[in-house]
Amino acid sequence: MKFGSFATFAADIEATDADLDVVALVAELFDAADSDLDVVARFVQGRVFPAHSETKLDIGPQLCYTALSRAAGRNVDADDIEARLAETGDIGAVAGSLDLGGQTGLAAFGGGDDHADGLTVSGVADELAALAAAAGDGSQSEKVTLLFGLFNQCTSREARYLARLVLGEMRIGVGEGAVRDAIAEAFDVPTAAVQRALQVSNDYGLVAETARDSGTDALDAMGLEVGRPVQAMLAQAGTVTDALDEWHEAAVETKFDGARVQVHYDGDDVVLYSRNMENVTGALPELVEFVENNVTAPVIIDGEAVAADEDGDPLPFQEILKRFRRKHDVAAMREEISVELHAFDCLHAPSADGGEDLLDAPFSDRHRRLRSVVDDASAVSEVLVTDDADEIAAFEATALEGGHEGIMLKNPAAPYTPGDRGKDWLKRKPDVETLDLVVTGAEWGEGRRASVLGTFLLSARDAAGDGFETIGKVATGLTDEELAALSDRLEPHVRSEDGQTVDIEPAVVLEVGYEEIQASPTYSSGYALRFPRFVSVREDKTPTTADTIERVERLAAQQQQ
Amino acid sequence: MFKAIVSADTLQETLDSVSVLVDECKIHLDDDTLSIRAVDPASVGMVDLDLAATAFESYEADGGLIGVNLSRLEDIAGMADAGQLIQLELDEETRKLHIQIDGLEYTLALIDPDSIRQEPDIPDLDLPAHVAIEGRDIDRAVTAADMVSDHIALGVDTGDDLFYVNAEGDTDDVHLELAPDQLIDLDAGDAHSLFSLDYLKDMNKAIPTTAEVELELGDEFPIKLHFDIADAQGHVTYMLAPRIQSN
């Protein structure tokens with residue numbers, strides 16, 4: 001494909017507002033791309049190399065201005081280009097306004113490569129690859145000359161899009177969704193098949209070519225490849241109640257304050273990708289060593305890279321990022337911050353005929369496979385599968401005490417859906433607000449806790465200020481010591497007992513966390529707390545300064561927004 | 001097989017005249033000549049260099065081809081003092097070049113020649129004007145032009161029998177005329193072409209001020225510059241494509 005044809009499509013797309021029309025134009029472009037389809041699928045999104053490629057163009061604006069000035073007419077320098085850019089704000093418009101092509105090439109006189117027919121998409125891609133490969137002493141001038149050579153052959157429209165492409169500012173309104181839809185439209189395949197193929201391969205060019213050359217079945221057959229990153233499955237915020245209502249049982253894991261990392265190991269090389277599918281292998285040598293020594297290939301593992309201090313206690317996320325961004329002095333940083341792998345999922349594992357994809361297997365199966373491929377159990381997430389909210393609360397309390405961020409809730413039966421922020425993985429929403437509520441009743445515990453008060457009935461002050469209305473019960477979040485201490489505090493205030501149920505005069509105020517306030521006929525206030533959790537005893541508060549029904553109403557109203 | 005001993009000055013001169021155009025190049029190691037041909041990444045400037053075996057203290061080769069990173073090799077050659085000898089030996093097995101300078105040994109990894117930009121065809125041009133000029137006069141013309149412009153026009157006035165240089169800036173202009181008595185030789189013919197100073201400045205850097213440079217010029221045609229290096233045991237030709245005049 002001629003680069004000029006690509007530029008014409010780009011101009012048409014840029015001039016089009018409606019999403020559907022953009023998709024139709026991109027589809028037409030793909031249809032016309034022939035053997036350059038893979039490059040065109042990237043260029044149209046303003047990408048020169050595949051997203052996961054380690055190759056970067058690394059062209060600064062100044063270098064681009066210098067190259068443009070050399071290709072421009074007489075006595076234009078980089079400062080002139082910059083001044084024009086300051087007026088328009090668009091390097092494409094500046095490049096397109098220049099008087100390019102003044103320099104002839106030796107080809108016109110019988111020497112060098114012959115570009116007489118104008119630039120092609122593949123020619124531009126090759127030159128940009130050479131540009132990316134130029135490194136070391138003198139590479140700046142080599143890069144300028146290469147880019148000057150390209151601009152010198154451009155028409156003004158070609159220059160407009162080439163300048164934007166090299167500076168990563170394509171801005172013609174074509175995102176990943178439009179490319180997905182255009183592949184489906186151009187080659188008459190279902191959007192869902194394209195979407196899935198993109199999620200497993202992350203390679204727009206490959207998916208477009210597969211759709212065109214081999215159709216839907218081939219798209220469906222596209223699988224994972226060790227070494228090629230997969231989009232990470234994402235979680236949304238959710239509550240324990242949501243999880244248990246929806247799935248009956250939840251798989252609960254500690255949520256580490258680390259950085260997402262995807263581990264690929266084919267038996268020879270370990271490659272690590274960040275959540276954005278950047279190759280971060282070089283930044284994390286201890287993970288590479290760990291995988292080489294403890295993991296059975298071929299595998300793709302999803303997990304978290306967690307920073308730890310000298311005592312092995314977790315360090316904040318920022319500490320990990322320091323390492324990810326560090327290209328140099330990795331060895332020195334390694335002394336200060338050690339990084340550990342916490343694996344929680346397995347997308348590809350060894351099988352009789354090499355390896356198999358596990359995306360469609362339920363989480364509980366994938367986690368079992370994970371335990372079988374990782375020798376060191378301490379590097380694999382601990383999973384609690386339960387339908388009991390109290391067990392979840394206890395698990396969370398332990399996680400928080402251990403210095404972690406909280407817990408993850410996963411549907412044990414769900415497949416791994418790459419790139420999808422679905423409802424099968426939930427980050428338990430932290431308590432946004434707490435309420436200071438008065439204990440107005442309790443129940444004696446059972447079994448081991450039969451001698452202490454267990455479940456506490458909570459009330460808020462009514463609007464008038466002298467009565468109390470019930471709002472819920474709290475039984476979770478307390479250690480045995482806290483329960484015993486609280487029993488001792490409350491027993492003098494017991495007014496009456498009826499079986500296990502105890503009526504208590506308002507005296508002690510508890511700070512209570514919750515996920516949500518909902519309207520409920522169960523309690524006299526007309527509200528109930530979902531997933532209430534003991535936080536602390538408010539020693540500084542008395543029943544007269546506890547929270548009112550009015551505040552509860554206000555918080556409930558805020559939730560609706 | 002390649003094994004040679006060469007003076008540091010000769011090696012530096014050779015490398016410098018190529019590195020003004022490219023970062024990497026292929027070097028042909030024939031039995032009686034070392035030769036390099038390269039075109040810059042924009043296909044605008046070209047260099048064609050021959051260095052005879054007689055330019056070396058000793059030279060043994062049998063037609064090999066190597067790819068080198070020029071700035072790296074220049075750095076190594078720069079370690080030698082003027083007049084010192086540099087010994088070069090190719091290890092065919094490892095594809096590395098062993099370089100020795102008075103006890104200092106440097107092993108240079110070579111580049112796969114296939115990964116280097118293709119060598120250019122040399123245009124066969126019959127240019128009408130020939131000017132023989134001293135290197136220092138080219139330097140003077142280029143330096144003056146560079147003060148006002150990024151382009152330079154070179155031409156021959158057949159009527160007045162002159163070689164001239166023009167540079168037009170936004171405000172200031174430079175004009176330089178050289179009559180036959182200020183030149184080594186002039187074979188007048190119709191010639192006027194405009195060139196990018198970026199390229200001519202780079203080429204000028206590699207031309208010794210004392211060298212006798214032969215220019216071949218035409219009307220809106222490439223310019224050729226010929227000069228000798230290494231006591232006339234080596235020869236360099238630059239070729240540079242013109243800018244379009246109306247531009």
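Letters A, B, ... mirror the listed sequences (proteins, then strands); counts begin at 1. Here the structure is a predicted model, which means the values were calculated and not measured.
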When rounded to the nearest 0.5 angstrom, what distance separates [atom1] in [X] from [atom2] in [Y]?
X	Y	atom1	atom2	result
B:R243	A:T104	CZ	OG1	9.0 Å
A:T145	B:D198	OG1	CG	8.5 Å
A:F109	B:D121	CZ	CG	15.0 Å

What I want to find out is whether A:E127 reaches B:R117 closely enough, with some N-O distance under 4.0 Å, to be called a salt bridge. yes
Salt bridge A:R74-B:D150, side-chain N to carboxylate O under 4.0 Å: no
Counting only heavy atoms from other residues, nucleotides and ligands, does the tally under 6.0 Å from [atom1] of [X] exceed 12?
X	atom1	result
A:K2	NZ	yes
B:D173	CG	yes
B:D112	CG	yes
A:R171	CZ	no
B:R140	CZ	no

Shortest non-hydrogen separation from [X] to [Y] and the atoms involved:
X	Y	result
B:S149	A:N75	OG-OD1, 3.0 Å
A:G149	B:A42	CA-CB, 3.4 Å
B:I244	A:G101	CD1-O, 3.6 Å

Side chain, backbone, both or neither: which part of A:A71 has a non-hydrogen atom closer than 4.5 Å to chain B? backbone
Is [X] in contact with chain A via its backbone, its side chain, both, or neither, using a 4.5 Å heavy-atom distance?
X	answer
B:F195	neither
B:L240	backbone
B:E119	neither

Below 4.5 Å, heavy-atom pairs only: which of B:G45, B:P222, B:G169, B:S19 has the largest tally toward chain A? B:P222
Under the 3.5 angstrom rule, does the side chain of A:Q103 hit a backbone N or O of B:V44 as a donor-acceptor pair? no
